[in-house]
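Accompanying notes for the structure given below.
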Amino acid sequence: MSEETSKPLNFIERIVKEDLESGKVTSVRTRFPPEPNGYLHIGHAKSIWLNFGLAQKFGGKCNLRMDDTNPEKEDEEYVESIKADVQWLGYQWDGEVHYASDYFDQLYDWAVYLIKAGKAFVCDLTADEMRAYRGTLTEAGKESPFRTRSVEENLELFTQMRDGAFPDGSRTLRVKIDMASSNINLRDPVIYRIKRATHHQTGDKWCIYPSYDYAHGQSDAIEGISHSVCTLEFEVHRPLYEWFIDNIPVPAQPHQYEFSRLNINYTVTSKRKLKQLVDEKHVDGWNDPRMPTVSGLRRRGFTPKAINDFCEMAGVTKVEGVVDLGMLEFAIREDLNNISPRAMCVLRPLKVTLTNYPDDQVETMTAPVHPQNEAMGTRAMPFCREILIDQDDFREEANKQYKRLVLGKRVRLRNSYVIEADEAVKDADGTIIEVRARVIEDTVGKDPADGVKAKGVIHWVSARDNVDCEVRLYDRLFSDPAPDAGGKNFLEFMNPHSLEILNGCKGEIGLAQATLDDRYQFEREGYFVLDSKYSTTEKPVFNRVIGLKDTWEKK
RNA sequence: AGGGCCGUCGCCAAGCGGUAAGGCACUGGAUUUUGAUUCCAGCAUUCCCAGGUUCGAAUCCUGGCGGCCCUGCCA
């Protein structure tokens with residue numbers, strides 16, 4: 001078998017490959033650097049897939065590093081969830097989890113180094129003043145009046161900053177680059193601020209914290225990161241990233257590469273907005289099955305494989321596009337179709353009495369667990385005079401397009417008999433409450449002897465012996481393809497029908513053995529998994545991961 | 001508007017001077033006890049636009065147009 005159909009490398013893989021071949025680097029080390037200020041979402045999953053995947057493909061290692069330079073927004077709860085999500089996605093970081101805060105001492109020493117080199121100064125400008133001095137996109141900024149302080153004074157003030165001599169926000173340590181630079185990030189950026197906040201890792205050891213720009217590249221250098229991959233918004237920070245690497249005696253020379261972040265239509269992937277959905281209780285927590293968080297997708301029933309496949313399908317470029325939600329849905333259907341045991345579950349039950357079937361008779365029907373995979377074995381289910389079918393699968397009359405049960409017509413009960421409907425029993429309101437039908441003799445595994453074949457196949461379950469359960473049907477959280485585009489308020493586009501809870505659903509008896517790890521295909525309905533939050537042994541609650549592809553009921 | 005980045009089918013995305021891969025979606029048609037799966041077939045004479053270079057351009061040059069990012073002591 002030749003591998004001539006192998007996928008072309010994406011641009012970052014190509015860079016890594018060329019760096020290895022040219023000897024620019026001798027080994028690959030990447031890192032996934034989340035800030036522990038929220039739960040990971042599908043966009044992070046792509047970064048995880050890319051960074052860990054790069055390391056795997058090129059025989060390297062990938063670190064997990066918490067970018068924890070802002071204690072006010074961060075929390076240990078988030079670091080725990082991040083670790084769990086990364087592992088669930090199927091990846092293991094090299095060695096221990098790293099933290100930018102592990103390097104606070106080194107970063108401090110390097111700041112002192114910059115001061116001694118005359119390249120950093122303590123600035124007394126207030127935030128407002130600093131903004132005014134910074135200039136605008138088209139006008140150069142002005143140099144801070146404190147820029148010319150002596151090295152000695154800067155050293156003394158910076159030490160006092162560290163020792164808590166000044167109130168929060170009163171001074172900063174800035175680096176001297178160029179107030180006239182067309183890249184605003186180079187206009188003497190702040191690298192330390194005073195912030196009396198208890199840090200989830202370092203406690204109250206520090207009252208000054210390094211900025212992202214100052215901490216990130218040096219952390220990469222300390223860890224020996226060969227390829228520091230981030231998203232496009234950091235592209236304009238690269239000159240600063242390089243300035244630090246060039247002006248500080250770091251142990252390695254990492255390089256930053258940027259790719260476009262993942263956008264999916266009908267979805268918001270912004271930590272701030274996801275947090276708002278959670279905080280304002282629009283959803284049932286970070287792991288609400290409708291959330292695009294890794295924990296939400298997990299609870300919804302997505303598999304790590306589907307998520308990784310999806311990331312691969314979407315590709316890596318610098319084009320800022322929007323991937324169709326349909327691609328994610330395709331990925332999960334494809335995986336689940338291959339691995340899911342089949343089962344029958346009637347979501348909206350309608351009783352069918354088989355008038356010619358003896359009341360005291362029970363037959364055991366046998367069905368394959370997976371029609372395309374015999375190795376998965378068979379399952380058994382009882383069949384008797386009273387069964388349940390879905391309300392949508394019966395009509396008193398219908399055109400010939402309709403392939404389900406119709407009065408006077410036949411339909412196949414999946415894995416069982418062909419039946420023919422005789423009568424629809426209605427209540428006082430005219431609602432059909434029961435169908436009376438007949439079993440066509442000797443039709444299990446064969447067509448009717450009279451040659452009148454059934455038009456279609458419907459699922460069913462014994463009315464006497466089944467598993468009562470709740471089923472939750474999910475739809476996209478937003479009804480607008482771009483809920484947060486432009487100046488739109490994404491909350492106005494929440495889909496009011498994103499969750500439909502069905503009670504009194506009846507599943508085949510085997511479903512009583514379902515565990516949280518099992519994903520089933522409810523035949524003709526979709527893929528389902530037990531809800532980890534609400535399901536109990538007494539009352540199973542199934543989440544619909546995704547419906548089957550439907551080329552009939554197009555809304 | 002100063003700087004940076006981007007523009008190939010409805011959506012992703014290959015292509016890197018030699019005459020438009022692939023996936024999703026969609027449309028047929030075959031098989032099917034899931035209107036699923038599987039299977040076959042179709043789906044950009046054209047690459048944001050306009051000029052230019054060249055025997056030859058999506059690929060090179062010039063000029064436009066459109067989009068995104070940057071004026072946090074956030075990351």
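Below, chain A is the first sequence line, B the second, and so on; all start at residue 1. Not measured: the values here are computed from a predicted model.
- Contact annotation for R174(A): no contact, since no heavy-atom pair falls under 4.0 Å across all strands.
- Residue-level contact check: N415(A) touches the bases, meaning some heavy atom is under 4.0 Å from a base atom.
- Just one residue in the list Y209(A), Y103(A), W206(A) forms a ring pair (Phe, Tyr, Trp, His ring centres under 6.0 Å) with Y108(A), and that residue is W206(A).
- Ranking rA75(B), rA14(B), rC73(B) by closeness to the E35(A) side chain, first place goes to rA75(B).
- The phosphate of rG72(B) (OP1 or OP2) has no side-chain N or O of R193(A) nearer than 4.0 angstrom.
- The phosphate of rC74(B) (OP1 or OP2) has no side-chain N or O of S211(A) nearer than 4.0 angstrom.
- Using a 4.0 Å heavy-atom criterion, one finds that G445(A) contacts the bases of the nucleic acid, with or without backbone contacts as well.
- Within the 4.0 angstrom heavy-atom criterion, base atoms lie near A127(A).
- Residue-level contact check: H237(A) touches the bases, meaning some heavy atom is under 4.0 Å from a base atom.
- Across all strands, G321(A) comes closer than 4.0 Å only to sugar-phosphate atoms, never to a base (heavy-atom distances).
- In this structure, Y520(A) atom OH and rA36(B) atom P are separated by 24 Å, rounded to whole Å.
- For P8(A), taking side-chain heavy atoms from C-beta onward, the closest of the listed nucleotides rG2(B), rC12(B), rA14(B) is rA14(B).
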Worked check of salt bridge (charged side-chain N to carboxylate O under 4.0 Å, His left out) between D220(A) and R65(A): CA-CA 9 Å; D220(A) 283 343; R65(A) 180 171 76 234; 2.7 Å; yes
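- Counting non-hydrogen atoms under 4.0 angstrom, V190(A) reaches the backbone sugars and phosphates but no base.
- Annotation: rG4(B) and rG63(B) have their P atoms spaced 14 Å apart (nearest Å).
- Contact annotation: side chain of R404(A) to base of rG35(B), donor-acceptor pair present below 3.5 Å.
- L137(A) comes within 4.0 angstrom of a base, heavy atoms only.
- Nucleic acid contact class of K195(A) (heavy atoms, under 4.0 Å, all strands): sugar-phosphate only.
- The phosphate of rG35(B) has neither OP1 nor OP2 within less than 4.0 Å of any side-chain N or O from K400(A).
- One N or O donor and one acceptor, one from the side chain of R342(A) and one from the base of rU34(B), sit under 3.5 Å apart.
- Taking the six-membered ring for Trp and the full ring otherwise, the centers of F244(A) and Y214(A) sit less than 6.0 Å from each other.
- Across all strands, V418(A) comes closer than 4.0 Å to no nucleic acid atom at all (heavy-atom distances).
- Among the atoms of the strands shown, base atoms are found under 4.0 Å from some heavy atom of R414(A).
- Here W552(A) lies parallel enough and close enough to stack on the base of rG35(B), with planes under 30° and ring centres under 5.5 Å apart.
- As judged by a 4.0 angstrom heavy-atom cut-off over every strand, Q521(A) is placed among the base-contacting residues.
- Under the 90° criterion around 0 for the glycosidic angle, rG72(B) counts as syn.
- At a cut-off of 3.5 angstrom, the base of rU33(B) holds at least one donor-acceptor pair with the side chain of R412(A).
- Looking at heavy-atom distances under 4.0 Å, R14(A) makes contact with a base.
- Within the 4.0 Å cut-off from OP1 or OP2 of rC68(B), not a single side-chain nitrogen or oxygen of S260(A) is found.
- The side chain of K7(A) places no N or O atom within less than 4.0 Å of a non-bridging phosphate oxygen (OP1 or OP2) of rA13(B).
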